[in-house]
Amino acid sequence: QAQLVESGGGLVQAGGSLKLSCAASGRTFGSSVLGWFRVAPGKDREFVAAIGRSGDNTKYSDSVKDRFTISRDHSKNTMNLQMNSLKPEDTAVYYCASYLAAGWRLFTSPNYYAHWGQGTQVTVSS
């Protein structure tokens, strides 16, 4: 069974950058779609980004497109989220998640994701 552990969260000023990482254990990393979600205070879980098995296929929410970049490293079984031009509204707990890929489509609903990390806090001050 896949286990996911996030790292890299913290406090940053608006306009700054942070890089989140997600370390995956288990033998399904190469067959899995990986994604990032976030939960802001008082809000529902929100899709942020997803990446396909090969790393060539990515999807972003409109709120982070052109500011965040998702990537994966098969040699290290890790996934990263480079976050630039951060805004106070990006403040949330960020979770990495995965599911076994069944095609090329990248799902944005958390219901499709079978495995989740424990989350890492990102706080952006104004």
Side-chain angles (χ1 to χ4, degrees):
Q1 181 162 342
Q3 289 187 322
L4 305 173
V5 179
E6 303 94 337
S7 62
L11 173 65
V12 65
Q13 288 188 330
S17 299
L18 275 177
K19 182 179 180 179
L20 304 183
S21 295
C22 176
S25 62
R27 294 180 290 180
T28 60
F29 180 83
S31 302
S32 296
V33 169
L34 305 172
W36 288 98
F37 290 80
R38 65 188 182 186
V39 180
K43 295 188 177 181
D44 293 333
R45 193 180 302 260
E46 177 190 15
F47 169 78
V48 175
I51 188 167
R53 289 171 292 179
S54 68
D56 294 333
N57 187 19
T58 60
K59 178 177 284 189
Y60 298 90
S61 69
D62 289 342
S63 62
V64 307
K65 195 173 183 180
D66 297 327
R67 298 189 297 123
F68 291 9
T69 302
I70 190 171
S71 62
R72 65 190 295 168
D73 186 335
H74 286 274
S75 67
K76 298 180 181 179
N77 274 22
T78 57
M79 170 179 64
N80 298 310
L81 185 69
Q82 178 66 46
M83 305 186 295
N84 298 329
S85 303
L86 283 161
K87 305 175 182 179
E89 50 263 44
D90 294 317
T91 295
V93 178
Y94 283 72
Y95 298 87
C96 66
S98 71
Y99 67 87
L100 286 176
W104 289 105
R105 182 177 176 183
L106 301 179
F107 292 107
T108 61
S109 168
N111 295 332
Y112 288 94
Y113 291 77
H115 306 287
W116 293 83
Q118 82 289 348
T120 185
Q121 176 71 47
V122 172
T123 303
V124 184
S125 63
S126 58

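Positions are given from 1 along the sequence.
Although no hydrogens or angles enter the test, the distance criterion places no donor-acceptor pair under 3.5 Å between the side chain of Q118 and the main chain of V5. Under the 3.5 Å distance criterion, the side-chain polar atoms of S32 are left unmatched by any main-chain donor or acceptor of L34. Listed for the Q13 side chain is no donor-acceptor partner under 3.5 Å among the backbone atoms of S125. Side-chain atoms of H74 come within 3.5 Å of backbone N or O of R53 as a donor-acceptor pair. Side-chain N or O atoms of Y60 include one that pairs as donor or acceptor with a backbone N or O of I70 at under 3.5 Å.
Atom CG of N77 is separated from atom OG1 of T28 by 9.0 Å, given to the nearest 0.5 angstrom. Remark: T91 OG1 to Q121 CD distance equals 7.0 Å, nearest 0.5 Å. One distance of note links NE2 of H115 with SG of C96; it measures 11.5 Å at 0.5 Å rounding. Atom OH of residue Y113 and atom OG1 of residue T108 lie 7.0 Å apart, to the nearest 0.5 angstrom. Atom OG in S71 sits 4.5 Å away from atom CG in N80 (nearest 0.5 Å).
Each salt bridge (Lys or Arg N to Asp or Glu O under 4.0 Å) pair with one or both residues in residues 74-90, not counting sequence neighbours, appears once here: R38-D90, R67-D90.
Shown here is Q3, whose CD atom has no more than 12 heavy atoms of other residues, nucleotides or ligands within 6.0 Å.
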Show your working on side-chain contact (heavy atoms from CB on, under 4.5 Å) between L4 and C22 and close with a plain yes or no.
-> CA-CA 6 Å; L4 305 173; C22 176; 3.9 Å; yes

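For the pairing with K59, the side-chain contact (heavy atoms from CB on, under 4.5 Å) check across V33, V48, I51, L106 returns one residue only, L106.
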